[in-house]
Amino acid sequence: MFPLLTVNKLSMDFGGIRAIDKLNMRINAGEIVALIGPNGAGKTTFFNCLTGIYQPTDGELLWTLPNRSSRTLNGLKPHRITEQGLARTFQNIRLFRSMTVLENVMIGRHCRTATTILGAVLRPPSVTREEKETIEISFALLERVGLADVAHERADNLPYGAQRRLEIARALATEPLLLLLDEPAAGMNPQEGQELEALIRSINNDQIAVLLIEHDMQLVMRLADHIFVLEYGRLIAEGAPEKIRNDPAVIRAYLGEEGIHHA
């Protein structure tokens, strides 16, 4: 495996507050990686830096494609970062609620289509073919996440767990090499959590790397190949689940004696 994403001494300041402090991290192609830590540790801030919502104060985000060509993600707009092969979901679900389930996934295909405004008006055969392909791919993704039967429902009519899966389907529509999941299991019941775990494994089996922020430690310990632990924006531990499970600094900072040994 090669390093898909390399984070070098990344820092993010908000006025006099340092939310991320000289963070170093490497995510290899095909891995499932978890980023854990207490609330306020800087996890979502890191996601926002990685996806271009925030521009880091210092440090470098180095992205390596399968052909081994590399470039920095610093300074790129969010849609350009998506084009590079990074896609994300959000801690607070962000769907186009008045649009249908299918239309939400189709929007995710925008960065992989070539239709221009003029083409949409004149509608040459190439545009028709591309629209048909977009619909077919979007339906296939809905089948994958178990939502094909509600493809024409409004997104805001879906129950909570289904909306989570829809957001994942929309992210997958961008054809990511790295999928960022921000607390995907939050608010899910045990059955939905099991279905989510199976979906993440299925995604990873397609050689898509996954980076997830998650507070469900049992899920993290079952899924992750490698875990990074943040506290106050600093990396305090990293390693395989068994190492993290028994790390005294992690136990003190976040997981708690009882919680870590039962995870």
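Quick note: numbers below take in every heavy atom, side chains included, and nothing from hydrogens, waters or symmetry partners.
- Using modelled atom types, no side-chain atom of Y232 and backbone atom of I20 make a donor-acceptor pair closer than 3.5 Å.
- Here the side chains of L35 and L211 are in contact, with some heavy-atom distance below 4.5 Å.
- Remark: side-chain polar atoms of R68 are paired, donor with acceptor, to backbone N or O of P66 under 3.5 angstrom.
- For the atom pair N204 CG and L179 CG, the distance stands at 10.0 Å (nearest 0.5 Å).
- A donor-acceptor pair under 3.5 Å is absent between the side-chain atoms of N48 and the main chain of Y54, judged by distance alone.
- Ion pairing of D206 with R144 is present here, as a side-chain N (NZ or NE/NH1/NH2) and a carboxylate O approach within less than 4.0 Å.
- A salt bridge does not link E231 to R234: none of the charged side-chain nitrogens sits closer than 4.0 Å to a carboxylate oxygen.
- Under a hydrophobic clustering in which Ile, Leu, Val, Met, Phe, Trp and Tyr are joined whenever their side-chain heavy atoms come within less than 4.5 Å, directly or via other members, Y160 and L212 fall into the same cluster.
- Cluster membership for L61 and I27, using ILVMFWY side-chain heavy atoms within less than 4.5 angstrom, is shared.
- For Q91 (side chain) and E183 (main-chain N/O), no donor-acceptor pair under 3.5 Å exists by modelled atom type.
- Note: the hydrophobic cluster containing L196 also contains V101 (ILVMFWY, side chain heavy atoms under 4.5 Å, direct or indirect links).
- With no hydrogens or angles considered, no side-chain donor-acceptor pair links T82 and T174 at under 3.5 Å.
- Contact record, I203 with I168: CD1-CG2, 3.9 Å, taken as the closest heavy-atom pair.
- Linking ILVMFWY side-chain heavy atoms closer than 4.5 Å, directly or via other members, places W63 and F228 in a single hydrophobic cluster.
- Placement of L141 and L166 within a single hydrophobic cluster is found when ILVMFWY residues are connected by side-chain heavy-atom separations under 4.5 Å, directly or transitively.
- Side-chain contact, R154 with N104: no donor N or O sits under 3.5 Å from an acceptor N or O.
- The two residues M25 and L23 make their nearest non-hydrogen contact at CE-CD2, 4.0 Å.
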Could you walk me through whether F2 and N28 satisfy the side-chain contact (heavy atoms from CB on, under 4.5 Å) test, starting with their C-alpha distance in whole Å, then the side-chain angles of each, then the deciding distance to 0.1 Å, before giving a yes or no? CA-CA 5 Å; F2 65 93; N28 293 320; over 6 Å; no
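- Between R201 and E197 there is a salt bridge, since a side-chain N of the basic residue sits under 4.0 Å from a carboxylate O of the acidic one.
- Between atom CE of residue M12 and atom OG1 of residue T57 there is a gap of 4.5 Å, rounded to the nearest 0.5 Å.
- One finds a salt bridge joining R109 and E175 here, because a Lys/Arg side-chain nitrogen approaches an Asp/Glu carboxylate oxygen to under 4.0 Å.
- With values rounded to the nearest 0.5 angstrom, I200 atom CD1 is found 10.5 Å from R222 atom CZ.
- Taking each heavy atom of M188 and E192 in turn, the nearest pair found is CA-OE1, 3.3 Å.
- Pairing each heavy atom of N157 with each of E153, the nearest pair is ND2-OE1, 3.7 Å.
- For the residue pair D182 and T44, a side-chain donor N or O sits within less than 3.5 Å of a side-chain acceptor on the partner.
- Panel note: side chain D13, backbone G15; no donor-acceptor pair is recorded below 3.5 Å.
- Residues T51 and P78 have side chains not in contact (no heavy-atom distance under 4.5 Å, counting atoms from C-beta outward).
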Applying side-chain hydrogen bond (donor to acceptor under 3.5 Å, both in side chains) to N8 and R26, what does each step give before you reach the verdict? CA-CA 9 Å; N8 292 320; R26 190 175 81 174; over 6 Å; no
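- A donor-acceptor contact closer than 3.5 angstrom links the side chains of E238 and H226.
- Within the 4.5 Å cutoff, side-chain heavy atoms of L102 are placed close to those of M106.
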Please walk me through it: do V105 and L142 pass side-chain contact (heavy atoms from CB on, under 4.5 Å)? CA-CA 8 Å; V105 181; L142 289 176; 3.6 Å; yes
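- Nearest heavy atom pair, residue N74 against residue G59, reads ND2-O, 2.9 Å.
- If you run side-chain contact (heavy atoms from CB on, under 4.5 Å) between L4 and each of L177, L62, L65, V33, only L177 comes through.
- Scanning all heavy atoms of the two residues, the minimum distance from A155 to F96 falls at CB-O, 3.8 Å.
- Taken to the nearest 0.5 Å, the CG atom of L73 stands 6.5 Å off from the CD atom of Q84.
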Decide yes or no on side-chain contact (heavy atoms from CB on, under 4.5 Å) for I227 and I36, but give the supporting numbers first. CA-CA 7 Å; I227 300 172; I36 67 171; 3.9 Å; yes
Going through the checks in order, is the side-chain contact (heavy atoms from CB on, under 4.5 Å) test met by F46 and I213? CA-CA 10 Å; F46 172 64; I213 295 170; over 6 Å; no
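- Two rings, from F47 and F90, have their centers 6.0 Å or more apart.
- Not one N or O on the side chain of K43 forms a donor-acceptor pair closer than 3.5 Å with the backbone of L230.
- Using a cutoff of 4.0 Å between basic side-chain nitrogens and carboxylate oxygens, K9 and D58 are not scored as salt-bridged.
- The main-chain N or O of V145 is found under 3.5 Å from a side-chain atom of R165 such that the two form a donor-acceptor pair.
- Distance check, rounded to the nearest 0.5 Å: CZ of R170 to CZ of R94 gives 9.5 Å.
- Remark: E195 CD to S202 OG distance equals 13.0 Å, nearest 0.5 Å.
- Side chains of E167 and Q163: no donor on one and acceptor on the other come within 3.5 Å.
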